[in-house]
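Beneath this line is the structure, given in structure tokens, with notes to follow.
Chain letters run A, B, ... following the sequence lines, proteins first, then strands; residues in each count from 1.
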Amino acid sequence: MNWAIALPEIVLAACGLLILVIGVLRRQDATQICTMLTLGAFLVAGGLVLTRSAGVGYFGQFTVDRFAVLAKLLILAGAALSLMLSLDYNRRQGIGRFEYPVLMLYAVVGMMGMVSATSLMTLYVALELHSLALYVMAAFARDDLRSSEAGLKYFVLGALASGLLLYGISLVYGFSGTMDFAALAHALASPAQVSPGLIVGVVFVIAGLAFKISAAPFHMWTPDVYEGSPTAVTVFFATAPKVAAMALFMRVMVGPFGHLLASWQLVIEIVSVASMVLGALAAIGQTNIKRLMAYSSIGHMGYALIGLATGTELGLRGVLVYLIVYLFMSAGTWACIMAMRRKGLAVEEIADLSGLARTDPALALAFGIFMFSLAGIPPLAGFFGKLYVFLAAVQSGLWALAIIGVLTSVVGSYYYLRIVKVMYFDAPGEAFDRRPSMIGFVAAATGLFTLFFFLFPGPLVAAAGSAAAALFG
Amino acid sequence: MNAAGFPVLSLITWLPLVGCGVIMTVRGDEATVASNARWIALWTSLIVFAVSLVLWVEWNPHDPGFQFMESLPWLPDYGVGYKMGVDGISVLFVLLSTLLTPICILASWESITRYVREYMIAFLILETMMVGMFCALDFVVFYIFFEGVLIPMFLIIGVWGGPRRVYSAFKFFLFTLAGSVLMLLALLAMWQYAHTTDIPTLMHTHFPAKMQFWLFLAFFASFAVKVPMWPVHTWLPDAHVEAPTAGSVILAGVLLKMGAYGFLRFSVPMLPQASAQLAPLVFTLSVVAVVYAALVALAQEDMKKLVAYSSIAHMGVVTIGIFTFDVQGIQGALFLMLSHGIISAALFLVVGVIYDRLHTREIARYGGLAARMPFYAFLFMVFVMASVGLPGTSGFVGEFLITIGALHVNFWLALLGSLGLILGPMYTLYLYRRVIFGRLTKPDLRGLLDLKPREIAIFAPLALLAIWMGVYPSSFTRFWEATVTQMVAQHQQAMAAPPLLPPKVQLAEATSR
């Protein structure tokens, strides 16, 4: 048995245990050292991911291919960025405890398992590992009512979604007799013989996964959880789990259910349109920046789903480019949001940003770049994400999706522009506190990536292309 | 390489960004930063203009194709490359952009006092986007520059604009964006059909008739907003009124030309059948624009709004010229675009001069300025005459050629289109009379000073050009004669050629894609 294929996950999990022990045994506050060790563990895991050769292990339950490698690197990058941002934030909010990095580490282990899963069982176990860690993280500010509420809400709705997913999996298993992706793909090769029960199962699986990527109409938890959770946790929610769940979604839809494209395409299209429309319209009325970003993330998942709805290699390449771009620009946006702090208290109203261009030009510039990029204005990175999914949609003849997509992006650009307007056009308010250097570093790094993506799109697009090709064998 | 021996187009496109980089490094107190930013921006834009003169000197008027070509791989897997080049249609607009930018920076020298550094950076970025857009020979690169213009312009209107700047900035941004995302869909469809976004290749690609129809509408949505054509022109008066003077200058001088340039670069050569089929629609909208905008201009109380509506009317004449598919018509359209780029820019600057002194643009607040500001009154007169198309000025040549072109199409079109020549003088001269002539009765006008040397430096090149273009037009038309002749020949060829496939098959093919 080729057990070493899961070495990055095994090493990471072992590091997690070790860090937990260190945290418990040290007498003084261990947050700093545990965070640093976790970052180190992410780095090691990243190195191991890069050096693993492709293959299948654990009796077909676990696969490493170019797709998994790309997704894992993105997950690790997202987690590392949000962990860097969390250290100072958690300390200032009085929730700096060493369990935080450990929980994040196990969530990452779960996500890495998700993107490598080639059996419905591995999929479910890995998904639960990552979800349980996230539920706890949402409620990490345990003395804060909103955070506890967010954790509880996320848990209850998440449990419901897990139930739907599990029910779908059992239906699929019951009607096909196998959980293995390759065997499923083989069994479903002739869609004519597929029973309606199995299709129902697939729809339930889609519902469960759509919940995880917060696509409408399974998005209800997103605004409350984004708003209620400590911002450090929200950063994490907005980056790594989105990539993991989307990658899992792609693998499941084109792998075992690839031959059922005609059956599930319409479902994904509907979910995609609903997310884009909701993301564009519902965000307009928001006054809280965290809530606004929650709706924006719903919209963005809608755009990414356009690529999935095509079910083609080009479409998946588009989704992957979208995820790469989205990961960095949303991490950067959240870094800017974390810098919003007055007299030691975090503020999160959009009005608090007024006149930022005067009081803190560098932060306003970075924020502005992210907003224009999220709106999809060239030459910023966000435009290229959209370009590839729309290209795939046009190539597959999904004109309705492409047209709705571009129109909602115009509507959506309104609320991104509104933030630019508040920062640049309005009279300055009180200045924010001096921001820690880590926030400046993350915002600058992701900002430069977003700004100069257009100079070097080739290698990243090629990496996404070969990852997408790996899914199609 | 190319005729210049060095990548001149990339140099003039990207050099302004180097200036931005230098401005960003300036340190010191606010006054030092502001003054350094002004000087750096001015020198950068002057150097860019000097380099761009290479195009004027090295131009080969006998070559109808693209010159000064450059090409670099960018996204080779997708058939997209970084490709630059100019032909007769685009070359003078590159020069117009590089000429107007230093003028704008000079015009903002004293009137902009807040965020001077950011203002100069925004203008230099804007210059990169404008020049890049006219030079781009790859559709994706073109689109990036075309939309990239929105970001600096949004900020220029919103940060440095007048009282209703927020409303105007949003309206400008959303109108233009809504149009251009539809062009994005057209871009994707062409990309998917031809497997390349290389503009010269796309020009020789034959698109099925039904596909052409939809592509034309998508392009039309984008370019009609940009031109702007009636009824999607409403963003323009708002944007002009609220933008700072230099913002209006660039908006009228260059950004409006982007729409007409788009028609000439994409719609007419790539979609000949659809262009011919839908030309009546364009003519109708243009004639409405000419008459309607002129009548609205007549009723304006705000000088900038009046000039803005006159822009709409003039651009209506330009679109008539483009869709005549006639050598004279298209040449006239190009000439009028160029002339309008200089004259409308100058008229906004003229308004800016007295706005800087009295901080109002209300026509009724002025009167009898000729007594206090004779030199100003003279320059104003030059631009007014050029604007109404007095023979001997730049405006006349364009309008005249377009009228000839329109006559080749239809007598009534020529008649209605040239109504602009009658209505134009009405509102423009009326404006001039109310501001310059009459008795100087208002007390606060008595203290006004005539033009300063800086302002003369701004107006002198524009006035010279307006007269040069009118007196000796062939030093400008020589640039595009070969290109336009070839373009019209290709259009006629495409129209005369029998369809490649019987209509039924073509239809099925178009719908199956």
Query raised in the report: Top residue by heavy-atom pair count (under 4.5 Å) with chain A, among G158(B), G148(B), P73(B), S180(B)?
Result: G158(B)
Query raised in the report: What part of Y143(B) is in contact with chain A, defined as an atom under 4.5 angstrom from a non-hydrogen atom: side chain, backbone, both or neither?
Result: both
Report task. Name the region of L174(B), side chain, backbone, both or neither, that has any atom closer than 4.5 Å to a heavy atom of chain A. Result -> both
Query - Residue among I151(B), V140(B), L187(B), L150(B) with most heavy-atom pairs under 4.5 Å to chain A - result: I151(B)
Query raised in the report: With only heavy atoms counted, which part of V411(A) is less than 4.5 Å from chain B, the side chain, the backbone, both or neither?
Result: neither
Report task. Please look at W74(B) and chain A and tell me whether the side chain, the backbone, both or neither of the residue comes under 4.5 angstrom of a heavy atom of that chain. Result -> both
**Report entry** Side-chain ion pair, D138(B) and K83(B), N-O less than 4.0 Å
**Finding:** no
Requested in this report: Could you have a look at Y414(A), F390(A), F456(A), F372(A) and say which one has the most heavy-atom pairs with chain B under 4.5 angstrom?
Outcome: F372(A)
Report task. Heavy-atom distances under 4.5 Å only: say whether F383(A) touches chain B with side chain, backbone, both or neither. Result -> side chain
Requested in this report: Scan side-chain atoms only and decide if S272(A) and Y303(A) contain a donor-acceptor pair under the 3.5 Å cut-off.
Outcome: no
Query - chain A contact via L177(B) - side chain, backbone, both or neither, heavy atoms under 4.5 Å - result: both
Report task. Just say parallel, tilted or perpendicular for the rings of F220(B) and F216(B), cut-offs at 30° and 60°. Result -> parallel
Requested in this report: To the nearest 0.5 angstrom, please state how far the OG atom of S275(A) sits from the CD1 atom of I270(A).
Outcome: 11.5 Å
Requested in this report: For S71(B) and Y82(B), test the side chains for any donor-to-acceptor distance below 3.5 angstrom and give the result as yes or no.
Outcome: no
Report task. Against chain B, label L314(A) side chain, backbone, both or neither, depending on which of its atoms sit under 4.5 Å from a heavy atom there. Result -> side chain
Query raised in the report: In this structure, which one of Y322(A), Y295(A), Y326(A) forms a side chain to side chain donor-acceptor pair (under 3.5 Å) with H300(A)?
Result: Y322(A)
Report task. Would you mind checking which part of F146(B) comes under 4.5 Å of any heavy atom in chain A, side chain (CB onward), backbone (N, CA, C, O), both or neither? Result -> neither
**Report entry** Y416(A) side chain to S373(A) side chain, donor-acceptor N/O pair below 3.5 angstrom
**Finding:** no
Requested in this report: Would you mind checking which part of F154(B) comes under 4.5 Å of any heavy atom in chain A, side chain (CB onward), backbone (N, CA, C, O), both or neither?
Outcome: both
Query raised in the report: Are any of the side-chain nitrogens in E147(B) or K386(A) under 4.0 Å away from the carboxylate oxygens of its partner?
Result: no
Query raised in the report: Quick one: what part of L380(A) sits under 4.5 Å from any heavy atom of chain B, side chain, backbone, both or neither?
Result: side chain
Requested in this report: Tell me whether the guanidinium CZ or amine NZ of R358(A) lies under 6.0 angstrom from the six-membered ring centre of Y115(B) and within 45° of its axis.
Outcome: yes
